[in-house]
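Proteins come first, then strands; the chains are lettered A, B, ... in the order of their sequence lines, and each starts at number 1.
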Amino acid sequence: METVTHDVLLVGGGGAGLRAAIAVAEHNPALRVGVLSKVYPMRSHTVSAEGGAAAVIRPEDSLDAHAYDTISGGDWLCDQDAVELFVEEAPREMLRLEHWGCPWSRNPDGTIATRPFGGMKTERTWFAADKTGFHMLHALFQTTLSYPPVSRHDEWFATRLLVEDGRCYGVTAIDVATGKVYAVLARSVILCTGGGGKVFPYTTNANIKTGDGMALAYRAGAPLKDMEFVQYHPTGLPFTGILITEAARAEGGWLLNKHGYRYLQDYDLGEPTPEPVKRAMELGPRDRLSQAFVKEMEKGRTVASPHGEVVHLDIRHLGADVIDAKIPFVRELCLKYEKIDPVEELIPVRPVVHYMMGGIHTDLNGATPVEGLYAAGETACVNINGANRLGSNSLTELLVFGARAGRAAAEFAEADGDPPQAILAQALDEEGRIIRDILGPRRRGKERVAPVREALQETMEAEAGIYRDEEGLRRGLDRIAELRERFARISLDDRSQTFNTELIQYLELENLLDVAETVLESARERRESRGAHQRTDHPDRDDDRFLAHTLCHRNENGEPRIQFEPVTITRWPPAERVYGS
Amino acid sequence: MKGASEWDRHAPSSAPNPRHTRYHPRWHRERIPIFWWVGHRRYTLFILRELTAVLVLYSGLLLLAQLVAIGRGPESYQAFQGWLAEPWVLALHTFVLLGLIFHTVTWLNLAPKALVLRVGKIRVPPRAVLVGHYLAWIAVSALVAGALVWVAG
Amino acid sequence: MSPVAKGAGGRQGTEPERVTRSREPLLWSLFSAGGMASALVLPALAGVLWVAVPAGWVAAPEHGAMLAVAAHPLTRAAVSLLLILFFFHWAHRFRYTLYDGLQLYHLNLLIAVATYGIASALSALALWIVWTLG
Amino acid sequence: MEPVTLKVLRYRPEEEVEPTYQEYEVPCQDNWMVLDALNHVKERLDGTLSYRWACRMGVCGSCGMTVNGTPVLTCATYVEDVLPGPVVVEPLRGFPVIRDLVGDITDFMEKLGRVKPWLIRDEKKSPDEGEYLQTPEEVADYKQYSMCINCMLCYAACPIYELEPDFIGPAAIALAQRYNLDSRDQGEEERMDVLSQHDGVWACTFIGECSVVCPKNVDPAGAIQRYKVSATVDWVRSVLMPGRKP
Ligand SMILES: Cc1cc2nc3c(=O)[nH]c(=O)nc-3n(C[C@H](O)[C@H](O)[C@H](O)COP(=O)(O)OP(=O)(O)OC[C@H]3O[C@@H](n4cnc5c(N)ncnc54)[C@H](O)[C@@H]3O)c2cc1C
Ligand code: SF4
Ligand code: F3S
Ligand code: FES
């Protein structure tokens, strides 16, 4: 078995991973940084983010206001020390990206332009037309090319964390092109593997968002935090799940039911006005809007479509000029993927899974309880997103906590020694599992990857969707157990070692199963309703018992175990979330 | 060709590749045919476009020949004009003319890509540059043709 | 990942005597100017001189008139400039047509010398003819 | 919709020396993209088919393939637009094939780095000093060239890249221009060394196909020709004023 060695290893080449890589290189140019990613970095899912990234830059805005919007938006589950640090470092990080060439949209005087966004009281979302994530990712990727210490393993798939005595020394990874398994060793490892929206069937997330890093960390002994909080975005296209950015509503779009009525006014989200009002109606937070959709559906006021019930997003009144200037990608996507022109027609939309608030439990520096193991980005949970992430906070989070994790991991790598020999035994074991057990000729069974994955996704939509209850969650957990048995009987069509994408799908499915189980178990234990987690059997928020994070550990026997940890409150005592006034 | 249904899942579909080594698959490179531009409409058009340069060369030589004929005196000029009027020569030159027009059109259509004009801070839209080029073509043609006809008249 | 893959097919071996940084802009500007000049001027010229007149649609100009025009210094200057540009336009384009169109990479130097050489010779000839005429 | 026959070029390097075609009958539904049809094959008919995709919304740039002879993003190409079948799906031309529809793009990645696609400044500002000012008009100057998703359809469409693999190629040059035309950037001189070689802009004979196939209207052909003009202007200046730095 061959080994590759770095000082700091990044698993994941999305926004968080690349930002962390640059942070390491800037902290100490002598450190060798490896970026290992299952797709070429510029294919990472950060590329799809449209709307923008929040940071206080306008003089009339304030850090406290940003913090308050974030905390109230997160239904007081955010750790407030983390949020304070986040809003404070956000503007510098965003400016740094400007200095690296990101083509932010501008005001006529040449300063950075900002737009309003759901749940934000004022315009503080920076944007690059409606391809913000695309431009951020490409600017970051191109900038990493200027740092010689950063080397990459493109299209390598990490399969396991190498942990000895509670200390992480690297990963095993498959070079997809050759099928060769490597031990990739490092003094510190940062997981930046993104979210896991693919545990659900309808999602804005790319095919590659399978929660790999979460599952890897979970199996290696790091707990997953607040996994029950799954964000549905209220405006996805019905068949593909493609996202119609919140910016469409920020610019003044309306949500209409089948009677052409702006139904959000019936759900404590304020009065309809012709102009958009921040934190009201269509600019309310995502959880509330998605929940309102379900209620409308129950009242029979949604519209039937070939791909299930939908409501309509109306941006016709904005006119072609505004649409083309501010949200051209919305028009492009509608024309391309729905064959409708939003300048003249209504856009059919439904809530689709968008983001996982939960993730690998880390401290403010991205450190996980496993020594030498760090995490940042969507895969981590610091926690600034609480029970419901505000749109445009995530891209900024990638930068702030990517950079922090990078610096912390660099310092750790400077201080600490090299991997023990014993670690190689684990790597050899993993190589054997892949080459011999999964690809080997002995493996026989009737199951295939896709049906098991689909069954999993359907289970999650049915039992852990926008509304949940005890019975459904239990049913879901039972189904996972069945699916694990089916998984064990999967036999691959493809036993090749050359670019075997079926093998990758198989390994991803294994990760999806773990992530799904933690979502169900955490949701079952949280017997209250808060933000994106709504229990019909416990409809109210219960601060006495659940002003706490769920930490989901993996038991010796592989089962999830929940533990609660209190939320850090600094200056904003829990209050009621009020929108529309 | 095998349909999916008859496709055997586990048995290799043909003999092992002798050049393949474990961990180092052989990447496959398509060979490029010599006449790569034959059979692809757009590439054929491209080569035709490039070959109009031969017509430009021919036109230059013809113009030179005509100048030589003029310089040698009225007889040789008349002989040259007579040659030009021969049906096959006329036919050839009609074809050359069509080719030259093709050259002009392809050239003018591409020119706005290279040329970025500005008025103050604003970039002149490529369409306007294109229209400008065509107007220039009309003007130059009128000038050249007018002058020649005037000489004739 | 794989240096194996790079340059494995297509052109075998690179030609060492590639046209360098300093020469391409010159050749390319001659080519472009020639392309523009021929595009604007040639259809009208060819249309009148070699199609309309021989076909009898326009009266043939008298020899005297033609000679007078051709010998005018302005015409001499314009025609020699045009001819040089036409020749270099051809040379540059034709060179690349042979080079890429027939994949004659190993003959790069030969083709370049031949095409630009012919263009230079023709240009010299043209100057001589145009300025000694009449 | 009638079932559609997909004729897919397969190449399994462990088993065969040359690629072969394989046909699949796919019961396509309305509004399916070619990628949906391929996914149907992979998930229901034949798990061994290999290809890349991720975002299925036309921005990650990974799903480029040759469909009926034309390079396209398969996630943005309706099956009904490439009928009647059989729909021929092949890997992108010009790249060595690793397996089935997967090409090796290492060469492109290396070239991308060579044009120094990052903001080069003589003097860097610290983030505390605020942003580099840039008006919307100045953004508009380079915006088009910043929209490239690295899908490499332009390389597949450009015969020169296939013929002369050292040619740095359309997207890399467009990216160089993206930075050259950015008012914040001062690195034009540095990029000149790469671009003004034969393998830089001059190998391009303006076939123009790169811009025809580009799904994001980047117009790399335009970028290259514009660069030729600037390189020429630069050359004229250096002839007239030899004292100037190279
Ligand atoms: C459609 C859409 C629009 C969005 N819009 C916005 C917005 O407007 N504003 C906002 O703030 N947020 C937005 N988000 C959320 C935000 O984009 C994501 O949370 C963020 O991009 C995640 O970045 P990341 O770096 O954590 O992960 P990603 O960008 O997903 O990168 C993950 C990386 O990990 C690698 N990887 C994963 N698993 C493995 C493995 N097993 N082995 C090796 N490598 C692996 C991948 O290759 C990839 O490089 C949006 C999300 C979506 C889906
Ligand atoms: S220039 Fe266009 S075709 Fe080429 S890689 Fe970029 S987006 Fe794709
Ligand atoms: S197709 Fe090729 S030759 Fe030039 S204009 Fe485009 S790069
Ligand atoms: S899958 Fe991302 S561009 Fe097609």
When heavy-atom pairs shorter than 4.5 Å are enumerated against chain B, which of C/Val69, C/Leu45, C/Val58 gives the highest number?
-> C/Leu45

Relative to chain C, which segment of B/Val96 carries a heavy atom at a distance below 4.5 Å: side chain, backbone, both, or neither?
-> neither

Aromatic plane relationship, C/His89 with B/Trp107 - under 30° parallel, 30 to 60° tilted, over 60° perpendicular | perpendicular

Just say parallel, tilted or perpendicular for the rings of C/Tyr99 and C/Tyr105, cut-offs at 30° and 60°.
-> perpendicular

Against chain C, label B/Gln81 side chain, backbone, both or neither, depending on which of its atoms sit under 4.5 Å from a heavy atom there.
-> side chain

Highest number of heavy-atom pairs under 4.5 Å with chain C among B/Pro74, B/Gly60, B/Gly71 belongs to B/Pro74

When only pairs under 4.5 Å are counted, which of B/Pro87, B/Ala69, B/Ser59 shares the most heavy-atom pairs with chain C?
-> B/Ser59

Atom of C/Leu40, atom of B/Val140 and distance for their closest heavy-atom approach | O-CG1, 3.6 Å

Assess the pair C/His92 and C/Phe88: is the distance between their ring centroids shorter than 6.0 Å?
-> no

Quick one: of B/Val144, B/Ile34, B/Ile138, B/Ile70, who has the most non-hydrogen atom pairs under 4.5 Å with chain C?
-> B/Ile70

What option among B/Thr94, B/Leu63, B/Ile101, B/Val68 has the most heavy-atom pairs under 4.5 Å with chain C?
-> B/Leu63

If you look at every heavy atom in C/His63 and B/Gly73, which pair is closest and at what distance?
-> NE2-C, 3.5 Å

Do you know the tightest heavy-atom contact between B/Arg49 and C/Arg93?
-> O-NH1, 3.1 Å

What residue in B/Val89, B/Val54, B/Leu108 has the most heavy-atom pairs under 4.5 Å with chain C?
-> B/Val54

Non-hydrogen atoms of chain C under 4.5 Å away: do they reach the side chain of B/Pro25, the backbone, both or neither?
-> neither

With a 6.0 Å cut-off on ring centres, are B/Trp36 and B/Tyr43 close enough?
-> yes

Check the pair B/Leu61, C/Leu122 against side-chain contact (heavy atoms from CB on, under 4.5 Å), reporting the backbone distance first and the verdict last.
-> CA-CA 9 Å; B/Leu61 293 175; C/Leu122 286 176; 3.8 Å; yes

Who among C/Val53, C/Val79, C/Asp100 has the most heavy-atom pairs with chain B under 4.5 Å?
-> C/Asp100

Per-residue contact mode, C/Leu42 against chain B (heavy atom under 4.5 angstrom) = both

Ranked by heavy-atom pairs below 4.5 Å to chain B, first place among C/Gly35, C/Ala59, C/Gly34 goes to C/Gly35

Tell me, side chain or backbone of C/Ser38 under 4.5 Å from chain B's heavy atoms, or both, or neither?
-> both

For B/Tyr77 and B/Arg72, test the side chains for any donor-to-acceptor distance below 3.5 angstrom and give the result as yes or no.
-> no

Portion of C/Leu83 that has a non-hydrogen atom of chain B nearer than 4.5 angstrom = side chain

Given the options B/Leu92, B/Leu100, B/Leu51, which has more heavy-atom pairs under 4.5 Å with chain C than any of the others?
-> B/Leu100

Select one option (side chain, backbone, both, neither) describing which atoms of C/Ile129 are under 4.5 Å from chain B's heavy atoms.
-> side chain

Residue part contacting chain C, namely of B/Ala139, when any heavy atom lies under 4.5 Å | neither

Which residue out of C/Gly64, C/Ala71, C/Ala126 racks up the most heavy-atom pairs below 4.5 Å with chain B?
-> C/Ala126

Counting heavy-atom pairs under 4.5 Å with chain B, the top scorer among C/Phe94, C/Phe87, C/Phe31 is C/Phe87

Taking every heavy atom of C/Pro54 against every heavy atom of C/Leu49, the minimum-distance pair comes out as CD-O, 3.3 Å

Side chain, backbone, both or neither of B/Thr106 within contact of chain C (heavy atoms, under 4.5 Å) | neither

